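Here is the structure we will look at, set down as structure tokens.
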Amino acid sequence: MKETTQSVETRSPEETWRFAEEVLRRLPSGGVIALHGDLGAGKTCFVQGLAQALGVRSAVNSPTFTLINEHEGTQPLHHVDLYRIGSADEALGLGIDDLLFGGGITAIEWAERIACLLPPTTIHVTLEAGDGPEVRRITVRWGGEA
Ligand code: ADP
Ligand code: MG
């Protein structure tokens, strides 16, 4: 598949939500979104935008102990945060491959920790701090490899 890259700048968390909604519209069901970026970059904020677009009612936050949260929406939203994961094997032990190749939308923070497990169709989203406290540069890579 040919790889395309899209890059935008958002100026508030709300703008990041709206952009996530746009990305979701272009994502096939069963799609996997790998989120990259430092702590505080806005990965969870982006997942909140996905949740809104899917009509999820439960709160999406940064899980302290849970690594996988499932939310009911127009399709299921699996929110995975691998910050505390030690290895890809540990993620496999948690059943991550069922999510990667199952239904619903799967959004994974710190996805580079399981780079070897991600399907080739994974969409990569990288968030970086911009020029101002509420500015973020968001780059989306469609159809590439990790
Ligand atoms: P991460 O999951 O990458 O650690 P979070 O989404 O939990 O980051 O936190 C991002 C923080 O930055 C939130 O407090 C959010 O309100 C704030 N923020 C400010 N501007 C933006 C923006 N443009 N996009 C996303 N988050 C933003
Ligand atoms: Mg987070």
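Keep in mind it's a predicted model, so treat the numbers as computed, not measured. The first residue in the sequence is number 1, and the count goes up from there. First listed ligand is number 1; within each ligand, the first listed atom is number 1.
- For Phe101, the CZ atom sits in a packed shell: over 12 heavy atoms of surrounding residues, nucleotides or ligands are nearer than 6.0 Å.
- The shell of residues lying under 4.0 angstrom from ligand 1, judged by heavy atoms, excludes Val47.
- Looking from atom 17 (C) of ligand 1 to the surrounding protein, the closest heavy atom is Arg136 NH2, 3.7 Å.
- Among the atoms of Arg11, none of the N or O lies under 3.5 angstrom from an N or O of ligand 1.
- Of the protein's heavy atoms, none falls inside 4.0 Å of atom 14 (O) of ligand 1.
- The two residues Ile114 and Ala88 make their nearest non-hydrogen contact at CG2-CA, 4.0 Å.
- The shortest contact between atom 10 (C) of ligand 1 and any protein heavy atom is with Gly40 O, 3.4 Å.
- Here the heavy atom of the protein found nearest to atom 23 (N) of ligand 1 is Glu134 O, 2.9 Å.
- Distances below 4.0 Å separate heavy atoms of Asp38 from the following atoms of ligand 1: 3 (O).
- Scanning both residues, Ala111 and Ile108, for their nearest heavy atoms gives CB-O, 3.6 Å.
- Taking the six-membered ring where tryptophan is involved, the planes of Phe46 and Phe19 are perpendicular, since the angle between them exceeds 60° and thus also 30°.
- By the criterion of a separation under 2.8 Å, the protein N/O/S atoms near the Mg ion (ligand 2) amount to Thr44 OG1, Glu109 OE1.
- In the vicinity of Ser12, heavy-atom distances shorter than 4.0 Å reach the ligand 1 atoms 21 (C), 22 (C), 23 (N), 24 (N).
- By the criterion of side-chain heavy atoms lying less than 4.5 angstrom apart, applied directly or through intervening Ile, Leu, Val, Met, Phe, Trp or Tyr residues, Trp17 is not grouped with Val8; the two fall into different hydrophobic clusters.
- Atom 6 (O) of ligand 1 has Cys45 N, 2.9 Å as its closest protein atom, hydrogens excluded (heavy atom only).
- Closest heavy-atom contact between Arg113 and Tyr83: NH1-O, 2.5 Å.
- Ranking the protein heavy atoms by distance from atom 3 (O) of ligand 1 puts Lys43 NZ, 2.7 Å first.
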How far apart are the C-alpha atoms of Leu54 and Val56, what are their side-chain angles, what is the distance that settles it, and do they pass the side-chain contact (heavy atoms from CB on, under 4.5 Å) test?
CA-CA 6 Å; Leu54 291 166; Val56 167; 4.1 Å; yes
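- An N or O contact shorter than 3.5 Å links Ala41 to ligand 1 by distance.
- For Glu14, the CD atom is densely surrounded, since the number of other residues' heavy atoms within 6.0 Å is greater than 12.
- In this structure, Glu109 is part of the shell of residues with a heavy atom less than 4.0 angstrom from ligand 1.
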Verify side chain to side chain donor-acceptor pair (under 3.5 Å) between His36 and His124, making sure each step is shown before the conclusion.
CA-CA 7 Å; His36 309 279; His124 291 270; 2.9 Å; yes
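- Shown in contact with Leu39 at under 4.0 Å from a heavy atom are these atoms of ligand 1, numbered in order with element: 4 (O).
- Heavy atoms only, all atoms of each residue included: Val60 and Ala51 are closest at CG2-CB, 3.6 Å.
- Leu77 places a side-chain heavy atom less than 4.5 Å from the side chain of Val47.
- The CG atom of Leu27 sits 5.0 Å away from atom CD1 of Ile33, with the distance rounded to the nearest 0.5 Å.
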Check residues 125-138 and write down every donor-acceptor pair under 3.5 Å in which the side-chain atom is one partner and the other belongs to a residue at least two apart or another chain.
{"residue": "Arg136", "atom": "NE", "partner": "Ala41", "partner atom": "O", "Å": "2.7"}
{"residue": "Arg136", "atom": "NH1", "partner": "Pro133", "partner atom": "O", "Å": "2.9"}
{"residue": "Arg136", "atom": "NH2", "partner": "Gly40", "partner atom": "O", "Å": "3.3"}
{"residue": "Arg137", "atom": "NH1", "partner": "Ser7", "partner atom": "OG", "Å": "2.8"}
{"residue": "Arg137", "atom": "NH2", "partner": "Glu9", "partner atom": "OE2", "Å": "3.4"}

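- Closest to atom 24 (N) of ligand 1, if we only count protein heavy atoms, is Thr16 OG1, 2.6 Å.
- Atom 7 (O) of ligand 1 has Thr44 CB, 3.6 Å as its closest protein atom, hydrogens excluded (heavy atom only).
- Residues Glu112 and Leu82 form no side-chain contact, since every pair of their non-hydrogen atoms from C-beta on lies 4.5 Å or further apart.
- Among all protein heavy atoms, the one lying closest to atom 8 (O) of ligand 1 is Gly42 N, 3.1 Å.
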